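All remarks here apply to the structure that follows.
Chain A is the first sequence line, chain B the second, and so forth, proteins listed ahead of strands; every chain is numbered from 1. Every heavy atom of this structure was used, including side-chain atoms; hydrogens, water molecules and symmetry mates were not. In this text the structure is predicted, and so the values were computed from the model without any measurement.
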There are 2 protein chains.
Amino acid sequence: MAKQKQQSEVESKIFGNHDHGNCFDDAIKQIEIYFIKKKLQFTPLRRKVFEILLRDHKPLGAYEILDTLGKEGHSSSPPIAYRVLDFLIEHGFVHKIQGLNAFIACSNPNHIHSPAFVICRKCEKVAEIDEKKSGVSFQTPGIENFKVEKTTVELIGICRSCSDTANW
Amino acid sequence: MAKQKQQSEVESKIFGNHDHGNCFDDAIKQIEIYFIKKKLQFTPLRRKVFEILLRDHKPLGAYEILDTLGKEGHSSSPPIAYRVLDFLIEHGFVHKIQGLNAFIACSNPNHIHSPAFVICRKCEKVAEIDEKKSGVSFQTPGIENFKVEKTTVELIGICRSCSDTANW
DNA sequence: TGTATTATGTTATGTTGTAACATGTTATGC
DNA sequence: GCATAACATGTTACAACATAACATAATACA
């Protein structure tokens with residue numbers, strides 16, 4: 001029992017049962033600071049897209065984002081979303097989950113990082129973990145001469161909570 | 001010099017300068033044995049799709065495969081390719097490279113494995129490495145309770161040979 | 001305040017993947 | 001052998017994801 005409780009608590013950190021208001025505000029603050037420092041424009045559109053991703057706190061498809069943009073007074077033609085997403089990705093505030101064709105706000109944009117994602121295929125929650133802390137290293141003999149520029153690491157499976165309530 | 005030579009040899013193994021005829025025949029032999037053992041049908045269509053992937057020995061998009069199928073006397077409507085690819089993937093003889101929306105024949109179908117891919121964005125060559133041997137482990141504190149079912153690991157960058165001849 | 005740069009808007013189209021249903025082929029028990 | 005169930009392929013139509021190309025608007029800054 002004690003052990004179970006403890007595991008749950010650890011996992012809930014990973015799967016983000018957290019103070020969401022806090023998380024949201026922090027993220028906005030961070031991106032604002034970054035944009036000022038880099039002399040980039042944190043335009044209403046960019047802010048909106050980032051907010052949409054932040055408030056859902058789960059991966060969203062580009063067309064889902066577009067729908068929301070449309071409902072909230074912006075244009076909703078595809079390039080609008082893709083351009084802003086590309087921009088936010090480039091600056092590390094958004095990641096693309098390849099396995100889902102979806103986008104998610106970064107949980108830890110403070111440093112350059114190679115994120116890894118843990119994705120529950122049942123509840124669709126996604127946890128971003130730090131590649132460095134995840135045992136991922138890629139020091140394969142033979143790729144010393146390969147200059148890695150970008151890594152994609154995604155683990156699909158079933159999270160603890162879905163595993164407990166599962167009927168399949 | 002000696003060191004460079006040595007590195008080249010190692011990398012050429014990874015990037016597959018190999019006896020291709022041998023590799024092709026081996027792969028066919030393996031899949032035939034597997035299909036017999038599992039009482040599956042290695043139909044002309046499945047054989048053809050697998051051969052197309054084997055002979056190119058690089059990732060191909062579904063529609064590229066379809067084109068080739070069309071030229072070689074098969075139907076070329078999308079579901080044909082996707083169904084066969086799904087089937088071959090399910091049995092571990094083909095992998096999908098998420099970052100390229102493309103498919104590649106497995107280099108090592110003899111055992112159940114979680115492959116990792118090293119992809120040169122210049123020459124588009126892809127090396128499949130064994131996750132177990134690649135330092136990838138995913139023993140992140142906090143995901144002990146997450147049941148990993150499938151992993152996607154892809155490293156994009158520049159291979160040695162492209163790095164040497166590069167002008168960018 | 002004119003000009004360059006950056007950002008957004010719009011149309012059209014390209015690419016990737018699937019649903020649904022029809023037809024053909026193979027395995028198997030009677 | 002042959003009925004029938006299971007499996008495999010064929011076909012049409014469309015859904016989902018993404019980008020090219022060009023027009024207009026906003027902002028930076030000399």
If only side-chain N and O atoms of B:Thr43 are considered, is one of them under 4.0 Å from the OP1 or OP2 phosphate oxygen of D:dT9? yes
Rounded to whole angstrom units, what separation is found between the CG atom of A:Leu60 and the C1' atom of D:dA18? 17 Å
Could you check how far CD of B:Gln98 sits from P of D:dA18, rounded to whole Å? 11 Å
Less than 4.5 Å apart, any side-chain heavy atom of B:Phe42 and any of B:Ile36? no
Do the non-hydrogen side-chain atoms of A:Leu53 and A:Leu85 ever get within less than 4.5 Å of each other? yes
Can you find a side chain N or O atom of A:Ser77 that sits less than 4.0 Å from OP1 or OP2 on C:dT11? no
Interatomic distance where CZ belongs to A:Phe35 and P belongs to C:dT6 [whole Å]: 14 Å
Should B:Lys96 be listed as having a side-chain N or O under 4.0 Å from OP1 or OP2 of C:dG17? yes
So, does the side chain of A:Arg83 form a donor-acceptor pair with the base of C:dG9 at under 3.5 Å? yes
Side-chain ion pair, A:Glu72 and A:Arg55, N-O less than 4.0 Å: yes
Have a look at the helix from C:dT1-D:dA30 to C:dC30-D:dG1 and give the angle its two end axes make, five pairs each, rounded to 10 degrees. 30°
Could you tell me whether the side chain of B:Pro115 reaches within less than 4.5 Å of the side chain of B:Cys106, counting heavy atoms only? no
Are any non-hydrogen side-chain atoms of B:Ile28 and B:Arg47 less than 4.5 angstrom apart? yes
Phosphate OP1/OP2 of D:dA16: any A:Asn101 side-chain N/O under 4.0 Å: no
Closest to the 5' end of DNA chain D, once B:Tyr63 and B:Gln41 are matched to their nearest nucleotides, is B:Gln41
Can you tell me if B:Tyr82 touches the phosphate of C:dG17, counting only side-chain N or O atoms and a distance under 4.0 Å to OP1 or OP2? yes
Whole angstrom is fine here: how far is it from CG in A:Leu66 over to C1' in C:dT10? 13 Å
Whole-Å distance separating the CG atom of B:Leu40 from the P atom of D:dA8: 7 Å
Quick check: on DNA chain C, is the nucleotide nearest B:Phe103 upstream (toward 5') of the one nearest A:His74, or the reverse? Name the residue that is more 5'. A:His74
When you measure from the side chain of B:Ala62, which nucleotide among C:dT8, C:dG17, D:dA8 comes out closest? C:dG17
How about B:Ser161 and B:Lys125: do any of their side-chain heavy atoms sit closer than 4.5 Å? no
Do B:His74 and B:Ile80 have side chains that get closer than 4.5 Å, going by heavy atoms? no
How is B:Ile80 classified with respect to the nucleic acid when contacts are heavy atoms under 4.0 Å: base, sugar-phosphate, or nothing? base
